[in-house]
Amino acid sequence: MRPSPTILHADLDAFYASVEQLLDPSLRGRPIAVGGGVVLAASYEAKRYGVSGGMAGWRAKQLCPQLTFVHGHFSDYQRIADRVMAVLDDFTPLVQRISIDEAFLDVSGSVHLFGPAEVIGEQIRSRVRAEIGLPISVGAARTKHLAKVASQVAKPDGMVVVHPGHERAFLDPLPVGLIWGIGPVTQKKLAERGIRTVGELAASPNDSLRALLGQVLGAKVSALAANEDERRVQPTGRASSVGAQSALGRRAATPDVIRPVLGHLADRVAGRLRAKHRAGRTVTVRVRFANMRAVTRSRTLPFAIATTLTLTEVAEALVHSALSDHAGERHISLLAISVSNLVDQPVLQLELPLAPAPPDDAIRPGSRLGATRWAVDQSVDAVRRRFGHAAVGYASIVLSEHASVPDAFRELAEHEL
DNA sequence: TCTGGGGTCCTAGGACCC
DNA sequence: TCTGGGGTCCTAGGACCC
């Protein structure tokens with residue numbers, strides 16, 4: 001009997017669009033896009049025309065005139081994806097979910113129960129199809145990375161098994177873009193050197209690989225080619241940063257625009273931190289100008305914060321610093337706030353002794369001002385828990401004017417804190 | 001009619017410490 | 001007067017992934 005691969009990668013096909021086609025049978029077999037101003041997800045029928053996620057709606061319509069736009073049923077996506085993941089759990093406890101719609105499975109301990117990996121893969125596919133009604137592709141290989149490549153090759157609605165010993169034969173003809181970590185920019189760089197396939201990439205000398213891709217990615221490619229890739233499937237950890245951003249179209253870079261947007265973003269970010277009893281020391285803002293060039297500014301504080309007003313103020317100072325470095329830019333198209341360097345926030349925050357007021361009293365937790373702000377946030381959080389998020393707090397007119405994506409969509413992309 | 005929102009990770013330079 | 005090497009942390013930019 002030939003050896004069997006033990007790592008599976010299961011990946012729902014065009015997930016959001018497939019759910020819409022599941023919920024509304026009249027959409028099945030037709031090119032559809034979830035979203036409007038921007039394509040959040042496209043069905044395979046639409047992808048055939050070149051429609052893809054992140055694309056401007058008008059551009060998508062240009063490529064595919066019969067494209068149907070549908071409003072997303074965002075609250076259904078999480079629920080349905082969770083049901084799919086529950087199916088995976090039936091085959092092994094070693095499931096590593098890496099996003100809403102895909103996961104790795106280590107089935108090395110399950111083969112005596114269910115049969116070899118390829119049998120498990122087919123069982124997963126038929127159960128997800130029968131019980132949930134969605135197409136899912138599965139890749140099986142000896143390592144995670146390779147299993148992921150295999151599932152991409154298997155799409156749509158297929159399964160690809162890479163048998164041990166046949167890795168290079170499988171990989172070598174594939175385009176380099178299928179490797180995790182090689183995106184459009186690197187692909188172009190490689191193409192300029194005549195490298196288009198994994199085989200060509202693997203054949204190039206190690207040092208030039210490193211020079212082209214950097215130490216880490218270069219080493220990864222070597223490992224992949226030598227089949228020494230990571231195979232450990234581990235439970236997904238907590239997020240190491242929390243952020244929020246808002247595209248603004250084209251707005252003047254003035255305080256009356258910036259302040260309410262930052263307030264709104266800080267409210268989202270700090271609220272999520274407090275909900276999970278976390279706080280962060282490093283605040284990073286990103287400012288994208290009207291010409292799409294973006295800059296970042298960050299500041300690491302001596303202590304961790306999770307207070308909305310404090311985060312707003314730190315972010316505002318950073319944005320001003322970015323803007324004064326680019327005084328020529330009069331318009332901005334996006335603002336973002338991210339908090340990293342996260343720590344667990346003891347709930348006894350308020351009980352900390354009140355220190356004599358330092359100059360930065362406002363941001364120091366436990367100080368008089370800091371305690372006041374903390375208390376305000378606690379009240380807001382409590383009201384929201386009881387009456388819903390909209391009951392109190394920022395409702396930015398600037399943002400609602402531009403009508404970005406629904407909050408429910410944002411929440412789908414949030415990682416566990 | 002330009003181009004969403006949530007993240008992770010890498011690189012490189014500089015400050016600072018031992 | 002000139003000078004090593006390692007480690008850690010911080011900042012800015014950027015590529016990439018879903």
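Below, read A as the first sequence line, B as the second, and so on, with proteins coming before strands; counting in each chain starts at 1.
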Asks: Hey, is A:R251 close enough to A:D256 for a salt bridge, meaning N to O under 4.0 Å?
Replies: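 Here A:R251 does not pair with A:D256 in a salt bridge, since their nearest N and O are not under 4.0 Å apart.
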
Asks: Could you give the CD1-to-P distance, from A:I98 to C:dC17, as a whole number of Å?
Replies: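 From A:I98 CD1 to C:dC17 P: 12 Å.
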
Asks: For B:dC16 versus C:dG4, give the span between their C1' atoms, rounded off to a whole number of Å.
Replies: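 My reading of the C1' atoms in B:dC16 and C:dG4 gives 16 Å.
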
Asks: Where does C:dC2 fall, syn or anti, if syn means a chi angle no more than 90° from 0?
Replies: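 Judged by the O4'-C1' to base torsion, C:dC2 sits in anti, the angle falling more than 90° away from 0.
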
Asks: Check this one for me: any side-chain N or O of A:R59 less than 4.0 Å away from OP1 or OP2 of B:dC2?
Replies: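 Answer no for this pair, as no side-chain N or O of A:R59 is under 4.0 Å from OP1 or OP2.
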
Asks: Under 3.5 Å, side chain of A:R231 to main-chain N/O of A:T143, donor-acceptor pair present?
Replies: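 Not at all, since once roles are kept as given, no pair shorter than 3.5 Å links the two residues.
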
Asks: Of the nucleotides B:dG5, B:dT1, B:dG4, which has the atom closest to the A:S246 side chain?
Replies: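 Among B:dG5, B:dT1, B:dG4, the one nearest the side chain of A:S246 is B:dG5.
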
Asks: Are more than 12 heavy atoms from other residues, nucleotides or ligands located less than 6.0 Å from atom NZ of A:K220?
Replies: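 Open.
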
Asks: Are A:R129 and A:E122 within salt-bridge range, i.e. N to O under 4.0 Å?
Replies: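 Salt bridge flag = no for A:E122 with A:R129.
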
Asks: Examine distances only and state if a side-chain atom of A:T68 and a backbone atom of A:I32 form a donor-acceptor pair shorter than 3.5 Å.
Replies: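 No; judged by distance alone, with no hydrogens or angles, the pair does not exist.
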
Asks: Heavy atoms, side chains only, cut-off 4.5 Å: are A:R286 and A:L334 in contact?
Replies: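 Side chain of A:R286 against side chain of A:L334, heavy atoms only: contact under 4.5 Å found.
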
Asks: Are any protein N/O atoms closer than 3.5 Å to N/O atoms in nucleotides 12-14 of chain B? If there are, list each pair with its distance.
Replies:
none

Asks: Nearest-Å distance, CG (A:L248) to P (B:dG4)?
Replies: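 It is 10 Å, rounded to the nearest whole Å.
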
Asks: If I take atom CG in residue A:D11 and atom P in nucleotide C:dC17, what distance separates them, rounded to the nearest angstrom?
Replies: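 Rounded to the whole Å, the gap is 13 Å.
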
Asks: Heavy atoms under 4.0 Å, any strand shown: does A:R293 hit a base, just sugar-phosphate, or nothing?
Replies: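 It contacts nothing in the nucleic acid.
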
Asks: Mark yes or no for whether A:T92, through its side chain, and A:L94, through its backbone, hold a donor-acceptor pair below 3.5 Å.
Replies: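 Here the side-chain-to-backbone pair exists.
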
Asks: Would you mind classifying the nucleic acid contact of A:M292 as base, sugar-phosphate or nothing, using non-hydrogen atoms under 4.0 angstrom?
Replies: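 The residue A:M292 makes base contact.
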
Asks: Mind calculating the distance between CE (A:M55) and P (B:dC2) to the nearest angstrom?
Replies: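 Going from CE in A:M55 over to P in B:dC2 covers 16 Å.
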
Asks: Have a look at A:R288 and say if it touches a base, only the backbone sugar-phosphate, or nothing, with a 4.0 Å heavy-atom cut-off.
Replies: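 Since only primed, P, OP1 and OP2 atoms lie under 4.0 Å of A:R288, the category is sugar-phosphate.
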
Asks: Can you confirm whether A:Q21 sits close enough to A:S26 that some side-chain heavy atom of one is under 4.5 Å from a side-chain heavy atom of the other?
Replies: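 Contact flag for A:Q21/A:S26 side chains = no.
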
Asks: When all nucleic acid strands are considered with a 4.0 Å heavy-atom cut-off, which category describes A:F409: base, sugar-phosphate, or nothing?
Replies: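 The answer is base, as A:F409 lies within the cut-off (heavy atoms under 4.0 Å) of a base atom.
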
Asks: Counting only heavy atoms not in A:R232, do more than 12 fall under 6.0 Å of its CZ?
Replies: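 No, the 6.0 Å shell around CZ holds no more than 12 heavy atoms from other groups.
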
Asks: Counting only Watson-Crick or G-U wobble pairs whose two distances fall under 3.5 Å, which nucleotide matches C:dA12?
Replies: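 Pair assignment: C:dA12 / B:dT11.
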
Asks: Please confirm whether the shortest side-chain N or O distance from A:T186 to OP1 or OP2 of C:dC16 is below 4.0 Å.
Replies: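 Yes, within the criterion.
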
Asks: Could you state the atom-to-atom distance from CG of A:L212 to P of C:dC16 in whole Å?
Replies: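 Interatomic distance, CG of A:L212 to P of C:dC16: 12 Å.
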
Asks: Expressed in angstrom and rounded to an integer, what is the separation of A:D101 atom CG from C:dC17 atom P?
Replies: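 Computing the A:D101:CG to C:dC17:P distance gives 15 Å.
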
Asks: Give A:I182 one of three labels, base, sugar-phosphate or nothing, depending on what nucleic acid heavy atoms sit under 4.0 Å from its own.
Replies: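 Sugar-phosphate, no base atom in range.
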
Asks: Below 3.5 Å is the cut-off: list the nitrogen or oxygen pairs between protein and nucleotides 7-10 of chain B, distance only.
Replies:
| residue | atom | partner | partner atom | Å |
| --- | --- | --- | --- | --- |
| B:dG7 | OP1 | A:R272 | NH1 | 2.2 |
| B:dG7 | OP1 | A:R272 | NH2 | 2.7 |
| B:dG7 | OP2 | A:G243 | N | 2.6 |
| B:dG7 | OP2 | A:G243 | O | 3.1 |
| B:dT8 | OP1 | A:S240 | N | 2.6 |
| B:dT8 | OP1 | A:S240 | OG | 3.1 |
| B:dT8 | OP2 | A:S240 | OG | 3.4 |
| B:dT8 | OP2 | A:S241 | N | 3.3 |
| B:dT8 | OP2 | A:S241 | OG | 2.4 |

Asks: When the distance from CG of A:L334 to C1' of B:dG5 is rounded to whole Å, what number comes out?
Replies: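 Those two atoms, CG and C1', are 9 Å apart.
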
Asks: Tell me the partner of C:dC18, counting only Watson-Crick (N1-N3 plus N6-O4 or O6-N4) or G-U wobble (N1-O2 and O6-N3) with both under 3.5 Å; none if nothing fits.
Replies: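 Pairing partner: B:dG5.
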
Asks: When you match A:R286 and A:G181 each to their closest nucleotide on DNA chain C, which lands nearer the 5' end?
Replies: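 Its nearest nucleotide being more 5', the pick is A:R286.
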
Asks: Which residue in the set A:L323, A:L318, A:I258, A:T296 passes side chain to side chain contact (heavy atoms under 4.5 Å, CB included) when paired with A:V287?
Replies: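 Result: among A:L323, A:L318, A:I258, A:T296, A:L323 is the only option passing the side chain to side chain contact (heavy atoms under 4.5 Å, CB included) with A:V287.
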
Asks: Just call it for A:I179: base, sugar-phosphate, or nothing, with non-hydrogen atoms closer than 4.0 Å on any strand.
Replies: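 Sugar-phosphate contact only.
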
Asks: Measuring to OP1 and OP2 of C:dC18, would you say a side-chain N or O of A:K148 lies under 4.0 angstrom away?
Replies: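 It does, given that an N or O in the side chain of A:K148 lies less than 4.0 Å from OP1 or OP2 of C:dC18.
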
Asks: Taking only the side-chain heavy atoms of A:E102 (C-beta and beyond), determine which of C:dC16, C:dC18, B:dG5 contains the nearest atom.
Replies: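 Output: C:dC18.
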
Asks: Roughly, in whole Å, what's the span from CG in A:L63 to P in B:dT1?
Replies: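 One finds 17 Å between P of B:dT1 and CG of A:L63, rounded.
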
Asks: So for atom CZ, which belongs to A:R79, do other residues, nucleotides or ligands contribute more than 12 heavy atoms lying within a distance under 6.0 Å?
Replies: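 Counting other residues, nucleotides and ligands, CZ of A:R79 exceeds 12 neighbours.
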
